[in-house]
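Before any comments, here is the structure.
Chain letters run A, B, ... following the sequence lines, proteins first and then strands; every chain starts at 1. What you see is a predicted model, and the numbers here were worked out from it, not measured in a lab.
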Number of protein chains: 2
Amino acid sequence: MPKDTTFPARCETGAASVPMSRRMRIRAATLAEIKTIARNLLSAHGPGGVSLRAIAREMGMTAPALYRYFSSLDDLLLALRAEFFAELSAQITDASGRLPADDVDGRLLAALRAFRSWALANRAEFILLFGPRDEPFTTTEPHCAALQHEKQRFAAIFLSLFNRLLEEGRVPLPDTASFSPELRAQLHLFARDAGFAGANATEGALRVLTACWVRLYGLVCMEVFRSMPFTVGDLEPLFEAELCDVLTSIGVRYRAPHS
Amino acid sequence: MPKDTTFPARCETGAASVPMSRRMRIRAATLAEIKTIARNLLSAHGPGGVSLRAIAREMGMTAPALYRYFSSLDDLLLALRAEFFAELSAQITDASGRLPADDVDGRLLAALRAFRSWALANRAEFILLFGPRDEPFTTTEPHCAALQHEKQRFAAIFLSLFNRLLEEGRVPLPDTASFSPELRAQLHLFARDAGFAGANATEGALRVLTACWVRLYGLVCMEVFRSMPFTVGDLEPLFEAELCDVLTSIGVRYRAPHS
DNA sequence: AACGTTAGCAAACACCGTTAACCATAAAGT
DNA sequence: ACTTTATGGTTAACGGTGTTTGCTAACGTT
């Protein structure tokens, strides 16, 4: 085991106040190049089309050299996933931020539409993020922590928007009396996992949130995976219809996309 | 191209009335053995763990010999998927058939629970069936037709149950006036794809059907893929809650699982 | 008995991830 | 200024993959 040399360029945390010794700079550069080429291969040939040897070939290196930057191919993919979550989050907040801060309805609409748009424009990347994961957890890989962080940031976008709806008391909450104890436990576990806490994170709210997320996630998955009945074509009409139903059910007034 | 020798054992259609010349018999046997071993590898090591060489090794053959039975690895996986759809359909109809024929509610509940149960008991197989497909269509492969057939049979199970609900007029249908023309076209396209026709296949009914399917499909996907927020654990409570909500919304009275 | 089909084989090609040993150079320490 | 160490690259190799080609031996049929 050649120590843990895969994570020394820690200087990308916010401001690059540290001068970043020349060596660190070129290391960060090649590290970025690797990820760039890997991403190109990914979107060009799908997952499975990205290989260390192909990356090395494309940048005039040999495959073993890449092990100075990533401890394995899985580790590279882990790092990529973190970047993709960041990009997805950025795209969503961008689209959402184009609307006035007090227009929660518009921001939610924009955010969810941006989510779908990114997924369709980056199918392979979406599969890597939300597709089936063979191994439950690879906490051992260096870049795993970064992934978890970006995941949380991604979830936080929707959580904060939903939270504002709750604050305004616009979300009709279900009767929690019908909830089984197991369901209650599940919801709390989910809240802890997603980092959703506070006075508004009631069981009813969590139930509504999960229901909404499942519907939209499921639809986008079907579209990207080309799964079951909807094997072809652009599912925007159906997505908009679902969006309308889902948002209406939580007290948000739907607006058609402006285009 | 060595002709199309991969599909001569065509004698499994219904009754094996044809004596099936000795040669055909052993061919069918090895063909079955290949699929069996492939399935074992699949469920043991996940997708990606199934390889021609591993299969050949396990049955004391060499990899190229398998090309006498399948035109490629993808073709083998295609054939496997057809078998899995058949198995899934069988399991669902079994569970559903345990209830009286006039108890549509119970049959629907049982069918959907069986769907989830099979998915969880056969994660890798489910991923192959409903997971992301890289290539849109490989109509060229011999076993593609069989897959499509089994897919239709699978869909037909739920379609017929849903159809009976429609006949009984128990499903509250949405106001189709709010449907956009694009949505309408989408729904009709979906109906044609799934083979859902008849007087009950109205636009409203199609809309309801898709909404229900998306919710349950999405939830099972999240559970099997270990995707987004629900990265761990048994999601049965949440599934039952969703089941209750979904079925209640189409006029079916929910019953807790008898266990 | 003769002949064509079929189902296996070995060899080879082009990939893949990963490890080990090695080496030149850049940085750091004395 | 000289030595030492860490770094980032190399080549060679191991074991794995899908797939193609050519060959052979057995089988089924005529």
Smallest separation among heavy atoms of B:Leu41 and B:Ala54, with atom names
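Minimum heavy-atom separation between B:Leu41 and B:Ala54: CD1-CB, 3.8 Å.
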I want to know whether A:Phe162 and A:Phe158 have ring centres closer than 6.0 Å.
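Ring-ring flag for A:Phe162/A:Phe158: false, centres at least 6.0 Å apart.
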Test of ring centre spacing under 6.0 Å for A:Tyr217 and B:Tyr217
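For A:Tyr217 and B:Tyr217, the ring centres are not under 6.0 Å apart.
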Quick one: [X] [atom1] to [N] [atom2], roughly how many Å, whole number?
X	N	atom1	atom2	answer
A:Asp75	C:dT19	CG	C1'	17 Å
B:Met61	C:dA10	CE	C1'	14 Å
B:Leu52	D:dT20	CG	P	11 Å
A:Leu41	C:dC16	CG	P	10 Å
A:Glu33	D:dG8	CD	P	15 Å
B:Arg25	C:dA7	CZ	P	14 Å
B:Leu78	D:dG18	CG	P	16 Å
B:Leu66	D:dT19	CG	P	11 Å

Given DNA chain D, 5'-ward residue of the pair B:Ser72 and A:Ile26, judged by closest heavy atom:
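Going by which nucleotide is closer to the 5' end, it is A:Ile26.
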Under 4.0 Å between any heavy atoms, over every strand shown, what does B:Gly60 touch: base, sugar-phosphate, or nothing? Just pick one.
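Sugar-phosphate contact only.
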B:Phe85 vs B:Phe130 aromatic rings, parallel, tilted or perpendicular, using cut-offs 30° and 60°?
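Ring orientation, 0 to 90° scale: perpendicular.
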State which of [options] makes the closest approach to the side chain of [X].
X	options	value
B:Tyr69	C:dT19, D:dT19, C:dA7	C:dA7
B:Leu73	C:dT18, C:dC9, D:dG18	D:dG18
B:Ser51	D:dA12, C:dC16, D:dG18	D:dG18
B:Ala65	D:dG18, C:dC9, D:dG9	C:dC9

Using the side chain to side chain contact (heavy atoms under 4.5 Å, CB included) rule, take A:Phe70 and A:Leu78 through it: C-alpha gap first, then chi angles, then the decisive distance, then the call.
CA-CA 10 Å; A:Phe70 297 93; A:Leu78 231 51; over 6 Å; no
If you pin A:Arg53 and B:Thr30 to their nearest nucleotides in DNA chain C, which one's is more 5'?
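The residue whose closest nucleotide sits nearer the 5' end is B:Thr30.
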B:Met61 vs B:Glu33 side-chain heavy atoms within contact, under 4.5 Å
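Side chain of B:Met61 against side chain of B:Glu33, heavy atoms only: no contact under 4.5 Å found.
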Is any side-chain heavy atom of B:Leu42 closer than 4.5 Å to a side-chain heavy atom of B:Leu77?
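No, their side chains stay 4.5 Å or more apart.
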Should [X] be listed as having a side-chain N or O under 4.0 Å from OP1 or OP2 of [N]?
X	N	value
A:Arg27	D:dT7	no
B:Thr62	C:dG8	no
A:Arg57	C:dA14	no
B:Tyr67	D:dG18	no

If you measure from CG on A:Leu52 to OG1 on A:Thr62, what distance do you get to the nearest 0.5 Å?
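That separation rounds to 11.0 Å.
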Could you go through nucleotides 21-30 of chain C and list every protein N or O atom that sits under 3.5 Å from one of its N or O atoms, giving the distance for each pair?
unit_1, atom_1, unit_2, atom_2, d
C:dA27, O4', A:Arg23, NH1, 3.2

